Participant: 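One structure coming up, written as structure tokens, with questions to follow.
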There are 2 protein chains.
Amino acid sequence: MATNAAFAEIATLAGDPARAGMLHALMDGRALTASELAGAASITPQTASGHLSKLAAGGLLVVEKQGRHRYHRLASPAVARMLESIMQVAADQVSRRKPVVTGPRDRALRAARTCYDHLAGHLGVSLADSLIANKQIELTSDAGIVTARGVSLFDKLGIDYATRKPSSRARMLCRPCLDWSERRPHLAGALGAALCAHCLKSGWIRRIDGTRAVSVTTKGRGAFRDLFGIETV
Amino acid sequence: MATNAAFAEIATLAGDPARAGMLHALMDGRALTASELAGAASITPQTASGHLSKLAAGGLLVVEKQGRHRYHRLASPAVARMLESIMQVAADQVSRRKPVVTGPRDRALRAARTCYDHLAGHLGVSLADSLIANKQIELTSDAGIVTARGVSLFDKLGIDYATRKPSSRARMLCRPCLDWSERRPHLAGALGAALCAHCLKSGWIRRIDGTRAVSVTTKGRGAFRDLFGIETV
DNA sequence: CCGATGTTACGGTGACGGCCGAAGCGTAGC
DNA sequence: GCTACGCTTCGGCCGTCACCGTAACATCGG
């Protein structure tokens, strides 16, 4: 079967430690240069270049030329979802072997980070918990919906959660995404992306240098407390 | 980062052609013996044995001893979803290069097959289309819901689509799954699994020997025509 | 035009891993 | 017990691929 070979090819591309590191670094949805990715994967630029051409040839990345820089980005949300799903399975195995190894440098990542286009980490899970507790969304392991209460909340915040809305406004769709550090679902999908964008735009959170981690601003601390009852550290 | 190594390990496990073939064969959710899997991957039993121990050690498979047979099965729905998501990315690349290569022996698979625990192929997509057209479900690329009309339909059929139902019966949750052969979403999640189980239990479809393909019975042909307006060949 | 920077191409080296043949172990049936 | 069968382990062969050094190629700034 031809699909079988293609499957193995894609998985092999993701299977190399160096390439995995680069894909991991691109999971925040931004575009990075070959040198930045080389640093992220701890390899030389020329080795990274080879990997990147393979990833691009395999359709996992798209490349954007801009002067003497070449920006690399995940090719599609489908690729991001694939990486997420692999991380979930990997997280299962890790936690099964070791109780939990909280790296000191991972603290920021575990506290709050972006996951392609939405929020993850303790902050992401807390937000989802708050929305569920206040009956603004409902989540199962497979799917999620926004309730009428949720619709009014997001309207009030001015969050445009859908380009084309389904038939009923009370039935906005969203998607759960298992958090690899918290091991509980956070909010993904179109609504998760819109919420994350709103947090960034409003200055509630800020990206930390070149990582996926984000920090909560003073303004954000107040907003999360007032709107969602979340105390951020 | 430790998670990075674990990620690469999982992806590498899925990346070998032989292992990919075995995982592919296990995608229907059943448990197969080492010999059957060796045949599916076209390798000798001793080679298969090595692969299977690695897959089990990596947590992708669980093994069940039964006499002198050892049955291998996907470890969890999360693993199945991971494989699905890789197939989706792989399908994108395949179709991008070649117009579409319909293997003669794949005909049955493309017509109707199981995808871990739900229906896929032309039949699966047609079912989803019918449910959408009749406003019994709504699907986006991320999520889906069952409408009130859908609830009454599944109640009438006696399909128990959820163990614990969410607050409102009119808002049952389901999940879309991009079909790799049809390239359009079909119905997955708890509802998809329940619907597939009902089709099997009612004798509407039957598994074809040891493959993922299913055939529509005469009884099923009538049921699909009457209930969903689908003409099966 | 010239150096600096970012990126790609090539060749050689080393190691990891898949593959099979042969042999060892456990279970089932006679 | 003995034989048949399924499965696993071991040993050695071989191909593949990641890696880096060196070098060539583009682009930007001066």
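Letters go in sequence order (proteins before strands), and every chain restarts at 1. Predicted, not measured: the structure shown is a model, and the values here were computed from it.
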Participant: Quick one: B:Tyr71 OH to D:dG6 P, roughly how many Å, whole number?
Facilitator: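 About 11 Å, once rounded to whole Å.
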
Participant: List the steps, then state whether side-chain contact (heavy atoms from CB on, under 4.5 Å) holds for A:Leu83 with A:His24.
Facilitator: CA-CA 8 Å; A:Leu83 298 177; A:His24 202 97; over 6 Å; no

Participant: Provide, to the nearest angstrom, the distance between the CE atom belonging to B:Met22 and the C1' atom belonging to C:dC19.
Facilitator: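 Spelled out: CE on B:Met22 to C1' on C:dC19 is 12 Å.
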
Participant: Round to a whole Å and report the spacing from CD of B:Gln66 to C1' of D:dC5.
Facilitator: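 Whole-Å distance recorded here is 16 Å.
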
Participant: Rounded to the nearest angstrom, tell me the gap between atom CD in A:Glu64 and atom P in D:dT27.
Facilitator: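 Interatomic distance, CD of A:Glu64 to P of D:dT27: 16 Å.
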
Participant: Checking contacts here: which listed nucleotide (D:dC20, C:dC19, C:dA28) is nearest the side-chain heavy atoms of A:Ile43?
Facilitator: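 Of D:dC20, C:dC19, C:dA28, D:dC20 is nearest to the side chain of A:Ile43.
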
Participant: A:His51 side chain: which of D:dA18, D:dG6, C:dG18 is closest?
Facilitator: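 For the A:His51 side chain, the nearest candidate turns out to be D:dA18.
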
Participant: So, are A:Glu64 and A:Arg73 salt-bridged, with charged N and O less than 4.0 Å apart?
Facilitator: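 Salt bridge flag = yes for A:Arg73 with A:Glu64.
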
Participant: Does the side chain of B:Gln46 pick up a donor-acceptor pair with the side chain of B:Ser49 at under 3.5 Å?
Facilitator: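 No, no side-chain donor-acceptor pair sits under 3.5 Å.
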
Participant: Look at the side chain of B:Arg68 and decide which nucleotide, out of D:dG6, C:dT8, D:dT9, has an atom nearest to it.
Facilitator: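 So the side chain of B:Arg68 is nearest to D:dG6.
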
Participant: Side-chain N or O of B:Lys54 less than 4.0 angstrom from OP1 or OP2 on C:dG18?
Facilitator: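 So the side-chain polar atoms of B:Lys54 do come within 4.0 Å of the phosphate oxygens OP1 or OP2 of C:dG18, strictly under.
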
Participant: Can you check the A:Glu9 CD to D:dT16 C1' distance for me, whole Å?
Facilitator: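 Distance, rounded to whole Å: 15 Å.
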
Participant: Could you check whether the rings of A:Trp204 and A:Phe224 sit parallel, tilted or perpendicular, using 30° and 60° as the cut-offs?
Facilitator: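 A:Trp204 vs A:Phe224 ring planes: perpendicular.
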
Participant: Counting any heavy atom closer than 4.0 Å, what does A:Ala48 reach on the DNA or RNA strands: base, sugar-phosphate only, or nothing?
Facilitator: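 Answer is nothing: A:Ala48 stays at 4.0 Å or more from every strand.
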
Participant: Output the single nucleotide from D:dC19, C:dT7, D:dA4 whose closest atom is nearest the side chain of A:Ala34.
Facilitator: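 Per side-chain heavy atoms of A:Ala34, the pick is C:dT7.
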
Participant: Output the single nucleotide from C:dG21, C:dA9, D:dC19 whose closest atom is nearest the side chain of B:Gln46.
Facilitator: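 For the B:Gln46 side chain, the nearest candidate turns out to be C:dG21.
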
Participant: When the distance from CD of A:Glu36 to C1' of C:dG6 is rounded to whole Å, what number comes out?
Facilitator: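 Going from A:Glu36 (CD) to C:dG6 (C1'), I get 12 Å.
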
Participant: Looking only at atom types and distance, does a side-chain atom of B:His69 sit under 3.5 Å from a main-chain N or O of B:Gln66, one as donor and one as acceptor?
Facilitator: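 No, because the side chain of B:His69 does not come within donor-acceptor range (under 3.5 Å) of the backbone of B:Gln66.
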
Participant: Could you check which of C:dT8, C:dC19, D:dC19 has an atom nearest any side-chain atom of A:Asp16?
Facilitator: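 Among the listed nucleotides, the one closest to the side chain of A:Asp16 is D:dC19.
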
Participant: What is the distance from CG of A:Leu32 to C1' of C:dT7, rounded to the nearest Å?
Facilitator: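 Value for this atom pair: 16 Å.
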
Participant: Taking only the side-chain heavy atoms of B:Arg70 (C-beta and beyond), determine which of D:dT8, D:dA18, D:dG6 contains the nearest atom.
Facilitator: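 Comparing D:dT8, D:dA18, D:dG6 against the side chain of B:Arg70, the answer is D:dT8.
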
Participant: Roughly what angle, to 10°, lies between the helix axis at the start of the helix from C:dC1-D:dG30 to C:dC30-D:dG1 and the one at its end, five pairs per end?
Facilitator: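 Answer for the end axes of this duplex: 30°.
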
Participant: Looking at A:Asp16 and A:Lys54, is any side-chain nitrogen of the basic one under 4.0 Å from a carboxylate oxygen of the acidic one?
Facilitator: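 No.
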
Participant: Are OP1 or OP2 of C:dC20 and a side-chain N or O of B:Thr44 less than 4.0 angstrom apart?
Facilitator: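 Yes, because at least one side-chain N or O of B:Thr44 sits under 4.0 Å from OP1 or OP2 of C:dC20.
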
Participant: Determine: side-chain N/O of B:Thr47 to OP1/OP2 of C:dC19, distance under 4.0 Å, yes or no.
Facilitator: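 Answer is no, no contact under 4.0 Å.
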
Participant: Of all the nucleotides listed (C:dT7, D:dC19, D:dT8), which has the minimum atom distance to the side chain of A:Thr33?
Facilitator: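 Per side-chain heavy atoms of A:Thr33, the pick is C:dT7.
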
Participant: Using the side-chain contact (heavy atoms from CB on, under 4.5 Å) rule, take A:Leu187 and A:Leu127 through it: C-alpha gap first, then chi angles, then the decisive distance, then the call.
Facilitator: CA-CA 8 Å; A:Leu187 189 58; A:Leu127 274 174; over 6 Å; no

Participant: For A:Leu37 and C:dT8, give me the distance from atom CG to atom P, rounded to whole Å.
Facilitator: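 Computing the A:Leu37:CG to C:dT8:P distance gives 11 Å.
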
Participant: For residues A:Ser85 and A:Gln88, is any side-chain donor paired with an opposing acceptor at under 3.5 Å?
Facilitator: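 Side-chain D/A pair, A:Ser85 to A:Gln88: absent.
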
